[in-house]
J.: 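Here you go, one structure.
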Amino acid sequence: MKIPGLFGKKLLRLFGAGSWVTTDPRLTPWALFSRRFAAAAAAAALFLTSFAHGEQKISFRDITAQAGIQFKHNNGAFGKKYLPETMGPGCAFVDYDNDGWPDIVLVNGEDFPGHQRNPSTLKLYHNNHDGTFTDVTRKAGLAVSMFGLGVAVGDYDNDGYDDLFISALGQSHLFHNNGNGTFTDVTKAAGLWGPNEFSTSAAWVDYDRDGKLDLVVANYVQWSEKGDLYCTLDGTHKSYCTPESYKGTSARLWHNLGNGKFEDATEKAKFYDPTSKGLGVAILDYNGDGWPDILLANDTQPNKLYLNKRDGTFEEKGVSAGIGFSEDGVARAGMGVDAADYDRSGHPSIIITNFANQMLSLYHNEGNGLFVDEAPRSEVGRATLVTLGFGCFFFDYDNDGWPDIFVADGHIEDAIERVQKRVTYAEPPHVFRNLGGGKFQEVTTSLGPGFAAPKVARGAAYADIDNDGALDVLMTTNGGRAFLYHNEGGSNHSLRVKLSGTKSNRDGIGAVVRVSSGRDQQWQMVHSGSSYLSQSELVLTFGLGSAGKADSVEVQWPSGQVDKLANVAAGQTVTVQEGKGMVATNPYKSSPVSKTR
């Protein structure tokens with residue numbers, strides 16, 4: 001029987017060449033057959049739905065200028081090709097004034113000593129609720145000069161207002177949110193002053209589940225102006241050195257003492273490893289025991305997966321879990337990272353962006369402590385082989401209930417085309433639509449020419465900037481502008497869930513939210529960090545497809561508390577307070593952004 005059209009093509013992808021091949025000796029032929037058959041069955045069901053209802057015409061429109069965001073990254077470059085120049089910047093969404101509208105943080109660098117030109121600081125843009133943003137950096141007390149790289153958002157003192165940690169080359173900074181629109185630099189008072197490191201991505205995590213957010217900070221390599229090395233691609237001109245030229249350095253774990261102070265628990269928690277060259281940090285519970293584990297994406301060193309031992313210590317499991325190396329045993333150049341259950345297996349799987357000619361890693365969680373890289377057998381792998389990925393995340397851009405993949409791309413060397421003809425400096429991003437059954441299809445070019453245009457991208461984050469129920473994208477470029485893209489054209493329903501902890505940390509970081517609608521069941525964990533140097537909003541968005549409600553919403557808090565809701569209508573953001581259930585609702589708005597086209 002011949003199956004016509006799009007449906008037939010998608011089914012053929014499931015059983016096409018390579019679908020039944022694996023180089024992983026841990027998977028028996030029967031185990032592989034069983035997993036592939038289950039994936040095919042799940043995908044077939046989704047494809048029937050897609051075939052019946054058709055795919056949506058969604059685009060991401062560049063609204064940066066009309067939104068009033070005027071930002072250019074200062075990477076400090078002045079011709080010496082110092083390694084830190086090419087790394088930043090990060091970005092984040094934070095509702096710093098609790099008005100229900102996500103605001104924007106853009107991290108910035110600064111000039112190197114002796115080469116000062118124009119002063120530069122990070123930027124805080126306030127969401128005006130009408131599709132525009134206002135620069136409130138100076139008013140907020142954040143006009144602090146530093147060679148900033150990354151940002152992590154979290155309410156570390158549980159006062160109801162999210163604070164900012166800015167990682168940097170040299171001294172990183174912790175800014176306390178005063179609740180009146182201003183921030184105070186509390187780095188010294190908090191005990192975080194002193195480490196002079198090359199810090200990159202960071203994440204807030206309550207690793208001991210005591211209700212207070214701790215902080216994990218990735219560090220890259222041991223670099224200084226005095227110790228800068230000469231490297232060259234063509235034998236004539238200086239180029240940026242690879243991290244193999246420098247010694248590694250351990251990530252740090254800061255334990256929250258509960259009085260506004262932190263202690264360095266790196267060694268005590270068995271988190272210390274000076275061989276690491278960390279760029280990305282993700283928090284996940286990969287073994288499903290209810291305790292957060294820590295994933296560190298390393299550049300030219302094996303990726304690290306720290307299993308939470310539930311006694312204040314960790315055990316490193318990266319290699320034994322199968323994520324330390326590529327399939328052929330190579331430690332790749334890991335950059336950005338994220339984790340999500342992309343195939344409804346009940347377990348979080350992992351994406352890690354890598355250097356050019358290395359393809360993205362798509363580690364599927366087998367549910368037994370092991371991961372298998374599906375990228376070599378996937379369109380995700382083939383499409384990312386030549387590009388150099390940085391920021392990345394799972395997000396459901398079309399609200400069909402299946403997490404899609406976004407990757408921000410851009411090379412580090414502006415002269416790369418002279419020595420590698422297939423590789424370019426500016427590169428288009430990638431968006432892979434989740435087809436179900438573990439299958440993805442690249443759809444970048446269909447999302448708009450401006451969105452798909454080549455960029456030297458680095459950080460990336462998502463949020464619903466205008467409360468219309470669809471996720472928008474923020475992207476930074478090295479030495480260039482930031483881009484804000486508005487998600488337009490979707491017709492599927494969604495439900496957004498905001499958490500407010502009482503026994504648990506106020507943000508609900510580490511909580512798992514499960515949503516059921518008909519036969520569809522999905523879940524997400526509230527997490528800080530992920531992507532590259534960046535953080536997306538803490539509100540969770542669940543795509544419901546054509547369903548007008550969620551039959552049930554269940555929140556499993558880090559404290560052990562479970563809150564359950566029933567028959568929750570789509571088209572709104574609901575706030576769930578620990579122990580009380582739903583305490584507030586906010587219906588979606590007609591997008592003010594679309595009205596200003």
Side-chain angles (χ1 to χ4, degrees), residues 60 62 64 69 71-77 81-92 106-109 148-151 200-201 220 233 239-243 279-280 297 299-300 332-338 351-361 380 383-393 405-432 442 444-445 447-462 473-485 530-534:
F60 283 93
D62 183 355
T64 316
I69 296 174
F71 173 84
K72 183 178 180 181
H73 174 234
N74 178 13
N75 60 14
K81 295 239 172 179
Y82 285 163
L83 179 61
E85 296 170 4
T86 192
M87 305 308 296
C91 59
L106 296 169
V107 183
N108 213 345
L149 290 166
V151 53
T200 52
S201 295
Y220 194 31
L233 283 174
S239 62
Y240 296 106
C241 291
T242 67
L279 288 178
D299 191 354
T300 70
R332 290 180 279 192
M335 310 288 185
V337 61
D338 196 17
I351 52 173
I352 300 177
T353 54
N354 297 302
F355 210 77
N357 301 311
Q358 292 184 338
M359 79 172 54
L360 180 142
S361 305
V380 170
T384 59
L385 179 58
V386 177
T387 52
L388 197 169
F390 278 94
C392 63
F393 44 74
I405 295 174
F406 172 87
V407 182
D409 296 310
H411 211 277
I412 64 169
E413 180 57 64
D414 56 6
I416 190 62
E417 294 167 61
R418 294 207 303 257
V419 293
Q420 295 186 38
K421 300 303 181 184
R422 293 195 309 160
V423 180
T424 60
Y425 182 45
E427 300 171 333
H430 293 290
V431 174
F432 297 97
E442 180 160 25
T444 312
T445 57
L447 299 175
F451 180 77
K455 303 170 184 66
V456 186
R458 294 295 185 264
Y462 63 81
V473 172
L474 177 66
M475 198 180 339
T476 64
T477 62
N478 182 258
R481 56 175 285 202
F483 292 85
L484 180 62
Y485 292 99
S530 282
S531 191
Y532 170 77
L533 307 179
S534 303

J.: Could you grab the distance from atom OG1 of Thr353 to atom CD1 of Ile405, nearest 0.5 Å is fine?
T.: 11.5 Å
J.: Could you pull out all residues at least two apart from Ala297 that satisfy side-chain contact (heavy atoms from CB on, under 4.5 Å)?
T.: Asn303, Val337, Ile352
J.: Run the side-chain contact (heavy atoms from CB on, under 4.5 Å) test against Ala426 and tell me which residues pass, sequence neighbours left out.
T.: Pro454, Val456
J.: Working to the nearest 0.5 angstrom, can you tell me the gap between Met359 CE and Thr384 OG1?
T.: 6.0 Å
J.: Closest approach of Ser531 and Ala460, non-hydrogen atoms and distance?
T.: OG-O, 2.8 Å
J.: Measure the spacing between CG of Asp299 and CG of Asn354 and express it to the nearest 0.5 Å.
T.: 9.0 Å
J.: Using the six-membered ring wherever Trp is involved, compare the ring planes of Phe406 and Phe451 and label them parallel, tilted or perpendicular (cut-offs 30° and 60°).
T.: tilted
J.: Ignoring hydrogens, what is the shortest heavy-atom contact between Ala383 and Glu442? Give both atom names and the distance.
T.: CB-OE1, 3.2 Å
J.: OH of Tyr425 to CD1 of Ile416: how many Å apart, nearest 0.5 Å?
T.: 11.5 Å
J.: Can a donor-acceptor pair be found, under 3.5 Å and without considering hydrogens, that links the side chain of Thr444 to the backbone of Val431?
T.: yes
J.: Would you say the side chain of Val380 lies within less than 4.5 Å of the side chain of Ile351, judging by non-hydrogen atoms?
T.: no
J.: Taking ring-ring contact (aromatic ring centres under 6.0 Å, His included) as the test, write out the residues that go with Phe355, two or more places apart.
T.: His411
J.: Check ring-ring contact (aromatic ring centres under 6.0 Å, His included) between His430 and all other residues, then give those that pass, not counting sequence neighbours.
T.: Phe432
J.: Against Phe390, only a single residue in Leu533, Asp409, Ile412 fulfils side-chain contact (heavy atoms from CB on, under 4.5 Å); can you say which?
T.: Ile412
J.: Do you see a donor-acceptor pair shorter than 3.5 Å between the side chains of Thr86 and Arg458?
T.: yes
J.: Are the side chains of Leu106 and Pro89 in touch, meaning some heavy atoms are under 4.5 Å apart?
T.: no
J.: List in chain and number order the residues that pass side-chain contact (heavy atoms from CB on, under 4.5 Å) with Thr445, two or more places apart in sequence or in another chain; answer none if no residue qualifies.
T.: none
J.: Tell me the closest heavy-atom pair linking Val107 and Phe71, and the distance in Å.
T.: O-CZ, 3.4 Å
J.: Within a strict 4.5 Å, meaning less than it, do heavy atoms of the Leu388 and Glu427 side chains meet?
T.: yes
J.: Working to the nearest 0.5 Å, report the span between OH of Tyr532 and CG of Leu149.
T.: 7.0 Å
J.: Excluding sequence neighbours, so at least two apart, what forms side-chain contact (heavy atoms from CB on, under 4.5 Å) with Ala461?
T.: Cys91, Phe93, Ser536
J.: Can any side-chain N or O of Asn75 pair as donor or acceptor with the backbone N or O of Gly88 at less than 3.5 Å?
T.: no
J.: Which heavy-atom pair separates Ala457 from Ala408 by the least distance, and what is that distance?
T.: CB-CB, 3.8 Å
J.: Got Val423 and Glu413 here, is their nearest side-chain heavy-atom distance under 4.5 Å?
T.: no
J.: Report yes if some heavy atom in the side chain of His73 is under 4.5 Å from a heavy atom in the side chain of Thr476; otherwise report no.
T.: no
J.: Where do Tyr485 and Lys455 come nearest, in terms of heavy atoms and distance?
T.: OH-CE, 2.8 Å
J.: In the structure I gave you, are the side-chain heavy atoms of Asn357 and Arg422 within less than 4.5 Å of one another anywhere?
T.: yes
J.: Could you tell me which non-hydrogen atom of Met335 sits nearest to which non-hydrogen atom of Gly389, and how far apart they are?
T.: CG-O, 3.2 Å
